[in-house]
Amino acid sequence: MALIAENYRGAQQATAVGSLGSARAFSGMAAFLIGGTLGAFVGWRPVFIVVLVIGVIVFALSFTLRGDRGDTTVTIDVVASLLIGASIVSLTLGFNNLNGWGAIAATDGAPFSVAGLSPAPVLVVIGVILGQAFFSWTRRRSAAGKEPLIDLSVLGSHRERAAVYAMFIVVALEACVNFTIPLYIQIVQGRTPFDTSLAMLPFNLTVFVTATLVVRFYKRYPPRTIGVFGFILTTVALAWFALVVNNNWETLPTILGLVVFGVGQGALVTLVFNVLVTAAPPRLAGDVGSLRGTTQNLASAVGTAVAGALLVALLGVSVATSVAKTPDLPPALVAQVDQGNVNFISNDELGATLREKTDATEQQIAAAVKINEDSRLETLRWGLLLLAGVSAVAVFPASRLPRYVPEQIPDPSPAGGPGGGDDDA
């Protein structure tokens, strides 16, 4: 982000940001294909070897980048670093373990409990408190004329804050979809990782193409229009998914939903990057890059974790309701199953478990498998509808993005102030 802000201006900068967004989309598509192929035909360990090789190549290529002036007078704010670092670790750890440790009450998998409460929500609360402490400390440091860890002026106007909110939501939605679809294909349908990579190809390819081409629309439509339209597309796509999804994933309606969601996703990812870069002066490009990276990583963690916890919770409710309505499953048999530990498993795995751990008859096993199959599909639909609701709510921050067209884009220079122009431009 800093390199783009330093080396490009105007239309070239928008194209460069679009390339950054499309590169991210392309990497996601490649990751699914490479990881899916290796996972299906070789094993999961070689994936880490591929990542290591890529890391070494990128490190070597980094020496060819253009050098820029440094400022030896800048000192790192150690207190702010510790506060924000601890906050992000606490939030990520808490959200990632909502499912395993329990969203509210502690499960058997929790390392400890706080008066019976799961440590996951406690860590989330601690993370929020530490995050607020970071902002408070940074404001006091800036007021004292000292160098802050991140210049909060990059969030100085409602349009920058709207861009960050929109970025968080769109990345979280992407993480939810990237979690939900592989879960459904591999666990519910029992397919291979390679099959999953092929199923995700329409989505990832669409995101890649859209992220590259959406910059052409900047000459005709302001960011606010593109942002609102992008979230409308993702909302429609998720609601469409909920209506048409069934136990056969490779259908034209589901592929169409993936493509529509990919168009909205690709447009939004590039758009919010561009708004943040344009709104801030080049001297704050590093701060914008830090903000973007932190927002993306936290949104990915939160999106994946919340999707998992939400789907498991919905599945538990659906299974419990269905079991209570099924006369073939008497209470004595139900008592032999731990309904407090419901999770996504295949029909074969469920059948094998019931045969080993219960005295269920084949007729009762068939009834339980039918409940499992119907509940998983119902849970997927509920989850997609809830995601559609989140996407619809995101229209509001998108409606606060800038209204300017290219001819009105403010010059993000130091002389123009941190906001790069009029707040309502």
Side-chain angles (χ1 to χ4, degrees), residues 94-110 113-122 124 176-177 179-190 238-239 241-247 249 303-390:
F95 277 113
N96 278 344
N97 289 284
L98 283 174
N99 188 22
W101 295 350
I104 299 178
T107 65
D108 294 337
S113 65
V114 183
L117 184 67
S118 168
V122 175
V124 171
C176 288
V177 170
F179 173 85
T180 303
I181 294 178
L183 170 74
Y184 184 77
I185 295 174
Q186 290 183 229
I187 303 300
V188 175
Q189 294 187 326
L238 290 169
F241 265 142
L243 293 175
V244 304
V245 70
N246 54 48
N247 286 318
W249 186 263
T304 302
V306 170
L310 175 66
L311 290 176
V312 169
L314 291 174
L315 180 65
V317 172
S318 179
V319 167
T321 303
S322 299
V323 166
K325 295 179 179 179
T326 304
D328 290 339
L329 301 177
L333 176 61
V334 174
Q336 300 177 37
V337 180
D338 182 11
Q339 292 195 68
N341 194 27
V342 174
N343 211 325
F344 285 86
I345 59 175
S346 66
N347 292 339
D348 293 340
E349 188 177 354
L350 175 62
T353 301
L354 292 176
R355 291 185 183 94
E356 292 175 3
K357 299 184 178 181
T358 70
D359 54 10
T361 65
E362 288 302 317
Q363 180 181 355
Q364 291 170 335
I365 292 175
V369 168
K370 183 67 167 61
I371 289 175
N372 185 45
E373 193 172 272
D374 294 342
S375 295
R376 289 178 315 199
L377 186 58
E378 185 180 49
T379 297
L380 178 63
R381 288 173 174 164
W382 285 350
L384 290 170
L385 281 176
L386 288 173
L387 291 180
V390 173

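We're numbering straight along the sequence, starting at 1. No hydrogens, no waters, no symmetry mates; every other heavy atom, side chains included, goes into these values.
Counting heavy-atom neighbours within 6.0 Å of Ile104 CD1, excluding the residue itself, gives a total of 12 or less.
Taking CG of Leu377 as the reference point, atom OG of Ser318 lies at 9.5 Å (rounded to 0.5 Å). Rounding to the nearest 0.5 angstrom, the gap separating the CG atom in Leu387 from the CZ atom in Phe241 is 11.0 Å. The CZ atom of Arg381 lies 8.5 Å from the CD atom of Glu378; values are rounded to the nearest 0.5 Å. Atom-to-atom distance recorded for Asp374:CG and Thr379:OG1 is 10.5 Å, nearest 0.5 angstrom. Atoms OG1 and CG, on Thr304 and Leu98 in that order, are 12.0 Å from each other to the nearest 0.5 Å. Of the inter-residue distances, the one linking Leu384 atom CG with Leu311 atom CG reads 8.0 Å to the nearest 0.5 angstrom.
The heavy-atom pair separating Val317 from Thr321 by the smallest distance is O-OG1, 2.8 Å. Minimum heavy-atom separation, Ser118 to Trp101: OG-O, 3.1 Å. Here the closest non-hydrogen pair linking Ile365 and Gly351 is CG2-CA, 4.0 Å. Looking at every heavy atom in both residues, Ala110 comes nearest to Ala106 through CB-CB, 4.1 Å. Scanning all heavy atoms of the two residues, the minimum distance from Gly102 to Ala120 falls at O-CB, 3.8 Å.
Under the 4.5 Å side-chain criterion, counting only non-hydrogen atoms from C-beta, Val177 is in contact with Leu238.
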task = Take Asn372 and Arg376 through the side-chain contact (heavy atoms from CB on, under 4.5 Å) test and state the conclusion after the steps.
result = CA-CA 6 Å; Asn372 185 45; Arg376 289 178 315 199; 3.3 Å; yes
